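Following: one structure in structure tokens, then a few remarks.
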Amino acid sequence: MNIPFLDKWRKRRPSEPDVRLAAAFEDDPGGVADLLSECELLRSQATAAGLELDDSPGSLTALDQLPPHWRDDAESLPGFGNDAGLYLGTVLVRTVPGAVWHVPPGGTPVVRLASGREIQVVAAGLDWAVQGTPELSQVYAEASET
């Protein structure tokens, strides 16, 4: 995979990973957005369950309906929840007018809506993966109304 911002990112090498992500986002927001949208663990488990994730709001509803087998694997649960949040963010950015990724220095990626409100998508994904609430489709619906 050719990701142009990685060369600059590796040369800078700030000490903290979140700072590196923010610096990479500053250099190439589109490249980082593509990287955030991969959600490999979530996509592979969804495919195994017969669900195609097409970056649509309907796919969030379908994810909400999956039996939560991922909770049986405590080791991969955080990664799965992280991917669920990044997928939620990807759907928001691709379908809600004015929604964009934002990576604050030292922070995790959030989605900033046109209103300026920020959606903590990774936290929402982790909550969904661990507890089942809030549903991803519910977070999307609330965000898309503003």
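Note that the structure is a prediction, hence the values are computed from the model and not measured. Hydrogens, waters and symmetry mates are skipped; everything else that's a heavy atom, side chains included, is used.
- Scanning for side-chain contact (heavy atoms from CB on, under 4.5 Å) contacts around T95 gives P57, V91, Y140, with sequence neighbours left out.
- The stretch residues 80-97 participates, sequence neighbours left out, in these salt bridge (charged side-chain N to carboxylate O under 4.0 Å, His left out) pairs: D55-R94.
- Counting only heavy atoms from C-beta outward, the side chains of V100 and V111 never approach each other to under 4.5 Å.
- Residues A143 and L113 approach most closely at O-CD1, 3.6 Å, considering heavy atoms.
- For the residue pair S37 / D34, no side-chain donor-acceptor distance below 3.5 Å is found, with atom types taken as modelled.
- Annotation: side chain of L63 is not in contact with side chain of L88 (no heavy-atom distance under 4.5 Å).
- For D72, the side chain to side chain donor-acceptor pair (under 3.5 Å) criterion is met by no residue, not counting sequence neighbours.
- At a threshold of 4.5 Å between non-hydrogen side-chain atoms, the residues L92 and W101 do not count as touching.
- With sequence neighbours left out, R71 forms a salt bridge (Lys or Arg N to Asp or Glu O under 4.0 Å) with no residue at all.
- Closest heavy-atom contact between L136 and G125: CD2-CA, 4.4 Å.
- A search for side-chain contact (heavy atoms from CB on, under 4.5 Å) contacts involving E118 returns H102, V110, R112, Q120, not counting sequence neighbours.
- Scored by the side chain to side chain donor-acceptor pair (under 3.5 Å) test, S44 finds no partners at all (sequence neighbours excluded).
- Here S137 pairs with L60, T61, D64, E135 under the side-chain contact (heavy atoms from CB on, under 4.5 Å) rule; sequence neighbours left out.
- Note on residues 33-79: pairs passing ring pair (Phe, Tyr, Trp, His ring centres under 6.0 Å), not counting sequence neighbours, are W70-F80, W70-W128.
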All N/O donor-acceptor pairs, side-chain side in residues 45-52, below 3.5 Å, sequence neighbours left out:
from, atom 1, to, atom 2, distance (Å)
T47, OG1, R43, O, 2.9

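- The side chain to side chain donor-acceptor pair (under 3.5 Å) test applied to Q138 returns E142, not counting sequence neighbours.
- Nearest heavy atom pair, residue A129 against residue G81, reads CB-CA, 3.5 Å.
- Judged as a side chain to side chain donor-acceptor pair (under 3.5 Å), and not counting sequence neighbours, the contacts of S59 are Y87.
- We find the CG-CG distance between L86 and L41 to be 11.5 Å, quoted to the nearest 0.5 Å.
- The heavy-atom pair separating A84 from L42 by the smallest distance is CA-CD2, 3.8 Å.
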